Q: 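Below is one structure. I have some questions about it.
Numbers here simply count residues along the sequence, with the first being 1. Fair warning: this is a prediction, and the values are worked out from it, not measured in the lab. All values below were derived from every heavy atom in this structure, side-chain atoms included, with hydrogens, water molecules and symmetry-related copies excluded.
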Amino acid sequence: MKVLVAEDDFGSRKVISTLLREIPGVVLDLVVDGNEALEAFKLAWQEKKPYNLILMDIMMPGLDGQEALVQIRDVEKTMGLRQKDEVRAIMVTALEDPSNVIQAFNKGGATGYLIKPIQRDSLFEEIRKAGFDI
């Protein structure tokens with residue numbers, strides 16, 4: 001499973017990456033903002049090695065996670081991908097704000113969400129809900 005983590009906070013990025021490395025076969029890329037996430041996503045497709053899963057922080061400087069996911073979905077549409085073939089996206093937020101979560105699902109087509117601090121069990125549960133056997 002190829003995973004992209006977009007997280008500007010070093011501590012959160014470290015926790016998420018450490019937990020993901022427990023999963024056998026995970027190939028992990030880390031970026032620090034939405035612009036880098038969008039570029040990494042495009043590059044992975046150019047190399048014909050697309051991501052299976054993105055964990056994206058909602059609140060990041062520059063291009064935030066919500067807008068980055070919208071742009072990723074736009075790229076997928078221009079490539080003619082069907083919804084079932086889109087990258088799974090789990091949004092990560094420090095705020096237990098229902099409007100952020102609703103926006104992530106409705107506007108960006110998020111697969112799931114997690115509230116910080118990230119816990120191992122909740123992370124793995126969301127990954128399973130996204131359709132991955134771990």
Side-chain angles (χ1 to χ4, degrees):
M1 173 172 48
K2 188 171 178 185
V3 181
L4 175 64
V5 175
E7 171 62 70
D8 64 315
D9 179 71
F10 176 79
S12 295
R13 197 169 52 246
K14 179 82 171 158
V15 167
I16 293 169
S17 63
T18 299
L19 292 172
L20 288 172
R21 286 186 176 107
E22 291 181 23
I23 302 170
V26 163
V27 175
L28 187 60
D29 289 332
L30 306 171
V31 297
V32 297
D33 62 35
N35 288 313
E36 286 187 4
L38 182 58
E39 290 308 310
F41 176 82
K42 290 177 184 177
L43 184 60
W45 271 102
Q46 288 172 3
E47 294 174 345
K48 297 185 180 3
K49 297 177 182 176
Y51 292 102
N52 306 102
L53 176 66
I54 298 175
L55 278 92
M56 178 111 58
D57 187 19
I58 289 177
M59 295 175 55
M60 293 185 288
L63 187 64
D64 69 23
Q66 299 279 29
E67 186 56 35
L69 182 57
V70 167
Q71 290 187 33
I72 286 169
R73 295 298 186 219
D74 287 344
V75 169
E76 290 175 325
K77 285 178 188 144
T78 62
M79 293 186 325
L81 289 181
R82 295 175 297 187
Q83 188 174 7
K84 72 176 190 73
D85 298 323
E86 292 175 343
V87 66
R88 306 301 193 288
I90 298 173
M91 303 305 285
V92 180
T93 182
L95 305 173
E96 208 166 332
D97 177 7
S99 66
N100 262 332
V101 174
I102 290 168
Q103 183 178 355
F105 282 104
N106 292 337
K107 188 176 173 188
T111 308
Y113 77 97
L114 290 165
I115 297 172
K116 295 178 190 177
I118 303 299
Q119 303 295 318
R120 182 184 187 280
D121 290 345
S122 57
L123 173 62
F124 287 12
E125 180 181 336
E126 281 302 313
I127 292 171
R128 285 186 196 98
K129 282 186 200 174
F132 300 101
D133 291 327
I134 60 168

Q: Can you give me the closest heavy-atom contact between Asp33 and Pro61, atom names plus distance?
A: CB-O, 3.8 Å

Q: Minimum heavy-atom separation for Ala44 to Tyr51, with atom names?
A: CB-CE1, 3.5 Å

Q: Between the side chain of Thr111 and the main-chain N/O of Ala89, is any donor-acceptor distance below 3.5 Å?
A: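 Yes, Thr111 side chain to Ala89 backbone: donor-acceptor pair under 3.5 Å.
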
Q: Identify the two heavy atoms, one from Val87 and one from Leu53, that lie closest to each other, and give their separation to 0.1 Å.
A: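 The pair with the smallest heavy-atom distance is CG2-N, 3.7 Å.
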
Q: At their closest point, which heavy atom of Ile134 faces which heavy atom of Arg128, and how far apart are they?
A: O-NE, 3.5 Å

Q: Can you name the closest pair of heavy atoms from Met60 and Val32 and give their distance?
A: SD-O, 3.9 Å

Q: Say you draw a straight line from CD of Glu22 to CG of Leu123; how long is it, rounded to the nearest 0.5 Å?
A: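 Between atom CD of Glu22 and atom CG of Leu123 there are 9.0 Å.
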
Q: Looking at every heavy atom in both Ser17 and Leu28, which two are closest together, and how far apart are they?
A: CB-CD2, 3.5 Å

Q: Can you find a pair of side-chain heavy atoms, one from Ile23 and one from Phe124, that are under 4.5 Å apart?
A: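 Result yes, sub-4.5 Å side-chain heavy-atom pair found.
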
Q: When clusters are formed by joining ILVMFWY residues with side-chain heavy atoms under 4.5 Å apart, either directly or through shared neighbours, do Ile58 and Leu4 land in the same one?
A: yes

Q: Could you check whether any side-chain heavy atom of Asp64 comes within less than 4.5 Å of a side-chain heavy atom of Gln66, counting everything from C-beta outward?
A: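 Side-chain contact under 4.5 Å: yes.
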
Q: Would you indicate whether the side-chain heavy atoms of Leu81 and Trp45 approach each other to under 4.5 Å?
A: yes

Q: Can you find a pair of side-chain heavy atoms, one from Gln71 and one from Val75, that are under 4.5 Å apart?
A: no

Q: My understanding is that only one of Leu55, Ile16, Thr93 makes a side-chain contact (heavy atoms from CB on, under 4.5 Å) with Leu114; could you say which?
A: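 Single pass found, and it is Leu55.
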
Q: Does one hydrophobic cluster hold both Leu38 and Val5, with members joined at side-chain heavy-atom distances below 4.5 Å?
A: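 Different clusters.
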
Q: How many angstroms lie between CE in Met1 and CD1 in Ile127, if you round to the nearest 0.5 Å?
A: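 Answer rounded to 0.5 Å: 5.0 Å.
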
Q: Looking at Glu126 and Lys129, is any side-chain nitrogen of the basic one under 4.0 Å from a carboxylate oxygen of the acidic one?
A: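 Looking at Glu126 together with Lys129, the answer is yes, because their closest N to O distance falls below 4.0 Å.
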
Q: Honestly curious: do Val15 and Val31 fall in one hydrophobic cluster under the side-chain, below-4.5 Å linking rule?
A: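 Not linked; separate clusters.
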
Q: For salt bridge (charged side-chain N to carboxylate O under 4.0 Å, His left out), just list the numbers for Glu76 and Arg73, CA-CA rounded to whole Å, side-chain angles, deciding distance to a tenth of an Å, and then say yes or no.
A: CA-CA 5 Å; Glu76 290 175 325; Arg73 295 298 186 219; 2.9 Å; yes

Q: Say whether, by atom type as modelled, one donor and one acceptor occur between the side chain of Arg88 and the main chain of Gly131 under 3.5 angstrom.
A: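 Not a single qualifying donor-acceptor pair exists.
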
Q: Going from CD1 on Ile54 to CE on Met91, what distance comes out if it is rounded to the nearest 0.5 angstrom?
A: 9.0 Å

Q: Applying the 4.5 Å side-chain criterion to the ILVMFWY set and letting contacts propagate, would Val92 and Phe41 be lumped into a single cluster?
A: no

Q: Considering only NZ, NE, NH1 and NH2 on the basic side and carboxylate oxygens on the acidic side, decide whether Asp57 and Lys116 come within less than 4.0 Å.
A: yes

Q: Any chain of hydrophobic side-chain contacts (each under 4.5 Å) joining Leu63 to Ile90?
A: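 Leu63 and Ile90: separate clusters.
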
Q: Backbone N or O of Lys49 within a donor-acceptor pair of the Lys2 side chain at under 3.5 Å?
A: yes

Q: Quick one: are Thr78 and Asp74 in side-chain contact, heavy atoms under 4.5 Å?
A: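 Contact flag for Thr78/Asp74 side chains = no.
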
Q: Would you compute the distance between atom CZ of Arg13 and atom OG1 of Thr18 and round it to the nearest 0.5 angstrom?
A: 11.5 Å

Q: Let me confirm one number: the CG-NZ distance from Leu30 to Lys14, rounded to the nearest 0.5 Å.
A: 10.0 Å

